[in-house]
There are 2 protein chains.
Amino acid sequence: MRGFAESVMRGPRTVAEQVANVLREAIANGTIKAGTPLRQDELAEQFGFSRMPIRDALRQLEAEGIVSIHPTKGAQVAPMDSAEISEIYALRELLESEALRLSLPNLAGAKLDEAEQVLDQIDAERNVGRWGTLNRAFHLALYDACGNHRLLGLIEGHHNAADRYVRILLSNLDYRSRSQTEHRDLLAACRRRDAGNAISILRQHLREGSETLVSAIVEDGLARKS
Amino acid sequence: MRGFAESVMRGPRTVAEQVANVLREAIANGTIKAGTPLRQDELAEQFGFSRMPIRDALRQLEAEGIVSIHPTKGAQVAPMDSAEISEIYALRELLESEALRLSLPNLAGAKLDEAEQVLDQIDAERNVGRWGTLNRAFHLALYDACGNHRLLGLIEGHHNAADRYVRILLSNLDYRSRSQTEHRDLLAACRRRDAGNAISILRQHLREGSETLVSAIVEDGLARKS
DNA sequence: GTGCGTATACGGGCATACTTATATCCACAA
DNA sequence: TTGTGGATATAAGTATGCCCGTATACGCAC
């Protein structure tokens with residue numbers, strides 16, 4: 001049972017993974033906009049590889065819900081309307097509140113300290129791109145002791161799927177500070193082991209995020225009409 | 001916008017999909033046991049195709065959680081221990097009770113009739129292989145009006161992931177009749193629009209399934225030691 | 001006898017080349 | 001003028017072959 005650490009610790013072992021990572025980031029930071037068709041030979045030429053690893057990467061991203069593939073029609077960056085965002089956030093509320101409920105009683109104090117450090121890093125961080133990662137790290141740290149790996153996987157997946165939209169939120173400095181306030185409130189409730197309060201803060205936090213995001217997108221027309 | 005119906009209605013358009021379907025079924029009905037390594041050239045020869053569509057199929061099955069792939073080590077049928085089963089069922093409880101809660105107020109009577117017909121089909125069905133499909137159809141019919149496509153997708157995914165284990169349950173005729181009784185109780189509660197009762201029946205139903213399954217697997221040693 | 005290093009074999013990742021399907025456009029007929 | 005049918009172009013799906021990484025086993029040295 002030694003393969004695990006290697007496959008997780010070490011960076012991308014295959015070209016497909018590297019391509020997937022680059023594409024994921026490009027989609028997240030808006031370099032590639034929603035709805036853009038992703039042509040295999042085009043990408044292959046840009047990356048300097050053949051189409052095979054690109055195909056694999058696209059399959060992977062499809063599994064993550066970031067791109068959608070129709071047979072013989074190719075792949076495109078998954079267009080997302082406000083309805084889909086509402087769905088994702090509704091699921092996050094469901095999954096993450098459950099994870100928090102399960103995790104909190106078993107959560108070591110060290111993990112809470114770790115989460116707090118992440119919050120400090122967020123305050124210090126200037127690069128918007130890293131904020132999404134830190135945000136995810138904070139949330140996952142709280143759920144770490146939930147004891148259900150699949151649940152954690154689903155949560156992480158939804159964070160990734162929403163990542164590019166979360167970054168829209170962060171361009172709004174007002175939201176960012178509110179978010180951090182809520183994060184610290186949430187952390188405080190966790191330290192008090194007040195599960196009920198913590199969960200309700202979390203739900204409120206996600207609901208605000210959802211509403212802010214939907215209205216921002218409707219205004220700016222960043223998502224497809226439908 | 002005409003491509004949708006076709007791509008969904010028509011059968012598998014690519015070899016990769018066909019292969020994925022065959023493998024999924026073979027894994028579900030136990031022809032290929034958990035932990036079995038899946039060699040690309042071996043499968044390619046058996047199916048009479050090249051390794052490429054097999055690769056695609058394996059990627060797809062990996063996304064569904066049925067097989068696990070380690071780079072350079074290849075794919076194997078995802079081994080599943082009792083802990084993983086508990087996780088899946090805990091998630092099913094969470095996801096499906098939420099779906100039912102959301103769906104019930106909007107669920108048309110026609111859907112309930114449809115669900116009842118499925119239950120009759122289950123009683124009449126002799127072929128164990130089709131039971132899993134019908135079981136899934138019944139559950140999904142109840143959640144149909146939940147208004148969250150992603151939630152439905154997650155639920156369907158977990159049904160598929162657990163399919164091969166659900167079939168173990170059905171070899172137990174006693175469980176099968178109990179399950180049907182619970183299904184009809186659940187349906188009755190839905191007809192009365194008694195959400196609270198319906199959800200508690202559903203949770204109980206899933207919890208029983210989980211316990212029966214775990215003990216069956218521990219006894220028979222069908223899953224890996226860990 | 002044990003431990004480490006090297007060699008060999010097995011298998012998956014990647015590239016190149018070919019096939020097939022679908023969409024678009026143009027022509028011809030109604 | 002419009003609709004339908006076919007031809008062509010584009011892009012995905014598929015086949016084959018090679019390369020490289022990893023694992024395992026054997027041998028040599030300590």
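Proteins get letters first, then strands, A, B, ... in listed order; numbering begins at 1 in each.
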Out of dG12(C), dC14(C), dA12(D), whichever nucleotide has its closest atom nearest the side chain of Gln40(B): dG12(C)

Less than 4.0 Å between a side-chain N and a carboxylate O, is that true for Glu62(B) and Arg59(A)? no

Whole angstrom value for the distance that separates P of dT16(C) from CD of Glu45(A): 12 Å

What parts of residues 49-65 of chain B reach DNA chain C, counting only heavy atoms under 4.0 Å away? Arg51(B), Met52(B), Arg55(B)

Tell me the interatomic distance from Glu42(A), atom CD, to dT10(D), atom P, rounded to whole angstroms. 14 Å

Between C1' of dG11(C) and NZ of Lys73(B), the distance in whole Å: 13 Å

Under 3.5 Å, is there a donor-acceptor pair between the His159(B) and Glu96(B) side chains? yes

Glu17(B) CD to dT14(D) C1': how many Å, rounded? 14 Å

By nearest-nucleotide position on DNA chain C, the 5'-leaning member of Thr72(A) and Ala16(A) is Ala16(A)

Between the first and last five pairs of the helix from dG1(C)-dC30(D) to dA30(C)-dT1(D), the angle of the axes, rounded to 10 degrees: 10°

When rounded to whole Å, the CD1 to P distance for the pair Ile69(A) and dA12(D) reads 10 Å

Side chains of Glu42(B) and Arg51(B): does their closest heavy-atom pair fall under 4.5 Å? no

Give the rounded distance in Å between these two atoms: CG of Leu38(A) and P of dT10(D). 19 Å

Provide, to the nearest angstrom, the distance between the CG atom belonging to Leu43(B) and the C1' atom belonging to dT14(D). 16 Å

Would you be so kind as to tabulate the donor-acceptor pairs closer than 3.5 Å made by side chains of residues 125-132 of chain B, with sequence neighbours excluded?
residue, atom, partner, partner atom, Å
Glu125(B), OE2, Asn127(B), N, 3.1
Asn127(B), OD1, Gly129(B), N, 2.9

With sequence neighbours excluded, what pairs up with Glu208(B) under the salt bridge (charged side-chain N to carboxylate O under 4.0 Å, His left out) test? Arg178(B)

Using the test side-chain hydrogen bond (donor to acceptor under 3.5 Å, both in side chains), find all partners of Arg176(A) that sit at least two apart in sequence or belong to another chain. none

Is any side-chain N or O of Arg39(B) closer than 4.0 Å to OP1 or OP2 of dC10(C)? no

Starting at NE2 of His70(A) and ending at P of dA11(D), how long is that distance when rounded to a whole Å? 18 Å

With Arg167(A) via salt bridge (charged side-chain N to carboxylate O under 4.0 Å, His left out) - residues at least two apart: Glu25(A), Asp163(A)

Go through it in stages, so that I can follow the logic: the residues are His183(A) and Asn135(A), the test is side-chain contact (heavy atoms from CB on, under 4.5 Å), and I'd like the CA-CA distance, side-chain angles, deciding distance and then a yes or no. CA-CA 9 Å; His183(A) 281 162; Asn135(A) 184 49; 3.1 Å; yes

Just wondering, are more than 12 heavy atoms of other shown residues or ligands nearer than 6.0 Å to CD in Glu45(A)? no

